[in-house]
Amino acid sequence: MRLITHNMLSSNIKGVTNGFPLRIEAEKVVEKPVEIDPKFLKNMFVKIDWKALVDASRIMGYADLPDEANPSMLELDEFLQKFHHALLELHLEEGALVCPQTDRRFPVIKGIPNMLLHEDELFLQRGVSHGGGGTPKTQSRTFKYLDLNTSLSCA
Amino acid sequence: MSSRPELQAPPEIFYDDTEARKYTSSSRIIEIQSILSERALELLALTDDGVPKLLLDIGCGSGLSGETLSENGHHWIGLDISQSMLNVAVEREVEGDLLLGDMGQGLGLRHHVIDGAISISAVQWLCNADKSSHNPRLRLKAFFGSLYRCLATGARAVFQLYPENIHQRELILTSAMRAGFSGGVVVDYPHSTKSRKEYLVLTCGPPSISTSVPKGKGEDGESCSDDDSSEDEENQTVCISDRHRPRKRQKISKRGKGREWVLKEEGTYEKQRKCCASRHKIHSSETKAPLLIIIWHCSWCSHIPFYISCLWRMACC
Ligand SMILES: C[S@@+](CC[C@H](N)C(=O)[O-])C[C@H]1O[C@@H](n2cnc3c(N)ncnc32)[C@H](O)[C@@H]1O
């Protein structure tokens with residue numbers, strides 16, 4: 001997982017009001033060089049939470065990003081290089097992401113954060129039962145569906 | 001094995017190592033996935049400004065669909081519930097970032113940061129209750145609600161799907177509309193049982209010219225005309241309001257319709273929808289052949305934007 005994704009992720013555990021940014025626990029970080037694209041960086045800059053990116057890159061062992069940044073800096077090659085490196089070249093391979101409010105750990109294994117929530121962490125699943133919680137119009141697996149349209153099988 | 005995968009097991013069980021392996025070994029699967037994702041990307045109608053976008057691939061699986069996004073120069077984040085499928089994606093060294101997650105639990109993403117989303121043959125999985133705690137309606141609500149929030153205004157989401165029956169299609173469409181999306185269903189090659197493909201094309205925001213549903217391929221024996229798509233792109237800018245957008249894009253509203261116009265549409269939308277929905281009661285009969293009707297304008301009550309596609313079975317055929 002790269003920091004561009006970390007910068008978008010937030011914890012959606014039930015009751016959490018501010019799940020961003022997830023704290024990083026870094027056990028293994030790898031660098032994979034990719035080509036720089038200034039147009040993409042400029043487009044992304046407005047969406048990036050800068051402080052979160054700076055903090056995350058420091059935890060990942062890269063300390064060259066300035067504390068503050070503004071759009072005029074996007075004209076400077078040196079700044080673009082650093083921004084590019086932090087955003088797209090650092091990968092968290094092993095470690096965890098931690099919810100800032102509940103300290104729940106989401107393990108990162110082989111570069112993939114496991115964001116699956118436990119049942120009791122789900123937002124919508126409790127206390128919402130209009131009409132008895134039944135699901136009249138959906139099929140259950142044991143129900144044999146009659147209108148067989150053979151063309152609609154899953155790829 | 002001819003039966004639908006959703007009816008066999010939950011996705012994280014169905015897509016095991018053996019099933020996932022097919023996504024590297026079966027040339028048929030690989031070809032279908034790439035054709036479907038090419039088309040989904042086309043229907044996203046991203047602005048053609050040469051700037052790579054940040055996209056989501058929901059149910060990204062082995063990353064075949066993601067590879068299409070990468071080939072077109074975009075960055076992507078993929079979400080899938082099957083570890084086996086994601087392992088294959090890692091093996092393939094896909095360029096996107098991967099997340100193990102369940103879309104039915106909602107997407108844990110910041111608001112208004114994603115430029116578009118695609119999903120290939122995955123959303124119909126949400127219509128099944130795999131655990132006693134699963135309620136398809138709530139899971140669809142969690143999914144579409146969170147997707148709506150993470151997309152930038154005016155951004156699109158395109159889902160290729162295989163609804164099992166008319167109720168599933170309705171359920172999925174209604175959940176999307178309730179979350180605030182406008183849009184409808186595009187059917188490619190509706191008359192062919194073999195190549196018929198359905199795409200749910202959603203736009204983040206109230207209905208406007210920009211949310212009109214593109215034409216399906218092979219409808220009236222024609223393919224999607226170029227005129228349609230270029231008009232679409234132009235209109236896309238109409239919808240953009242105050243969210244985090246690069247300045248550049250806000251200015252190119254060629255139609256001269258700005259924010260006020262959008263807001264006015266927004267206010268009248270709820271009213272219209274109720275009115276239209278009540279007048280166009282859809283009657284379905286399970287035994288008849290399916291027919292696609294896309295209502296572009298609500299001619300019954302003269303309200304202009306009403307783009308919900310209605311699929312129903314006509315009594316006459
Ligand atoms: C037909 S496959 C799509 C494969 C993918 N497009 C590719 O290129 O490999 C459908 C995928 O949807 C995923 N899926 C099903 N239900 C899901 C859910 N609730 N959340 C996330 N992914 C899901 C499955 O695990 C499977 O990988």
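From a predicted model like this one, the values you see are computed outputs, not experimental measurements. Lettering follows sequence order; numbering is per chain, from 1.
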Peer 1: To the nearest 0.5 angstrom, please state how far the CG atom of Leu107(B) sits from the CG atom of Asn12(A).
Peer 2: 8.0 Å
Peer 1: Could you state the interatomic distance from CG (Leu9(A)) to CD1 (Ile77(B)), rounded to the nearest 0.5 Å?
Peer 2: 6.5 Å
Peer 1: Which value, rounded to the nearest 0.5 Å, describes the distance between Met8(A) atom CE and Leu56(B) atom CG?
Peer 2: 10.5 Å
Peer 1: Check whether any side-chain N or O of Arg110(B) sits under 3.5 Å from a backbone N or O of Asn7(A) as a donor-acceptor pair, and report yes or no.
Peer 2: yes
Peer 1: Among residues 86-111 of chain A, which residues come closer than 4.5 Å to chain B, judged by heavy atom distances?
Peer 2: Leu88(A), Lys110(A), Gly111(A)
Peer 1: Pick out which of Val90(B), Asp97(B), Asp80(B) makes a side-chain contact (heavy atoms from CB on, under 4.5 Å) with Ile112(A).
Peer 2: Val90(B)
Peer 1: Which answer fits Asn114(A), side chain, backbone, both or neither, if we ask what part of it has an atom under 4.5 Å from a heavy atom of chain B?
Peer 2: both
Peer 1: With sequence neighbours excluded, tell me which residues meet side chain to side chain donor-acceptor pair (under 3.5 Å) with Lys51(A).
Peer 2: Asp55(A)
Peer 1: Can you say whether Leu79(B) sits under 4.5 Å from chain A via the side chain, the backbone, both, or neither, judging by heavy atoms?
Peer 2: neither
Peer 1: Using non-hydrogen atoms only, which part of Leu22(A) is less than 4.5 Å away from chain B: side chain, backbone, both, or neither?
Peer 2: neither
Peer 1: Relative to chain A, which of Leu86(B), Leu109(B), Ile120(B) shows the most heavy atom pairs under 4.5 Å?
Peer 2: Leu109(B)
Peer 1: Any side-chain heavy atom of His75(B) sitting closer than 4.5 Å to one from Met44(A)?
Peer 2: no
Peer 1: Mind checking whether Thr5(A) and Leu99(B) have side chains closer than 4.5 Å, heavy atoms only?
Peer 2: yes
Peer 1: Given that the side chain runs from C-beta out, which part of Ser11(A) has a heavy atom under 4.5 Å from chain B: side chain, backbone, both or neither?
Peer 2: neither
Peer 1: How long is the straight-line distance from CG of Asp102(B) back to CG of Leu116(A), given to the nearest 0.5 Å?
Peer 2: 6.5 Å
Peer 1: What residues form a side chain to side chain donor-acceptor pair (under 3.5 Å) with Ser82(B), not counting sequence neighbours?
Peer 2: none
Peer 1: Side chain of Asn43(A), backbone of Val51(B): donor and acceptor closer than 3.5 Å?
Peer 2: no
Peer 1: List for me each residue that meets side chain to side chain donor-acceptor pair (under 3.5 Å) alongside Ser26(B), sequence neighbours excluded, and say none if there are none.
Peer 2: none
Peer 1: With a 4.5 angstrom heavy-atom cut-off, is it the side chain or the backbone of Gln83(B) that approaches chain A, or both, or neither?
Peer 2: side chain
Peer 1: Rounded at 0.5 Å granularity, tell me how far CD in Glu119(A) sits from CD in Gln105(B).
Peer 2: 8.0 Å
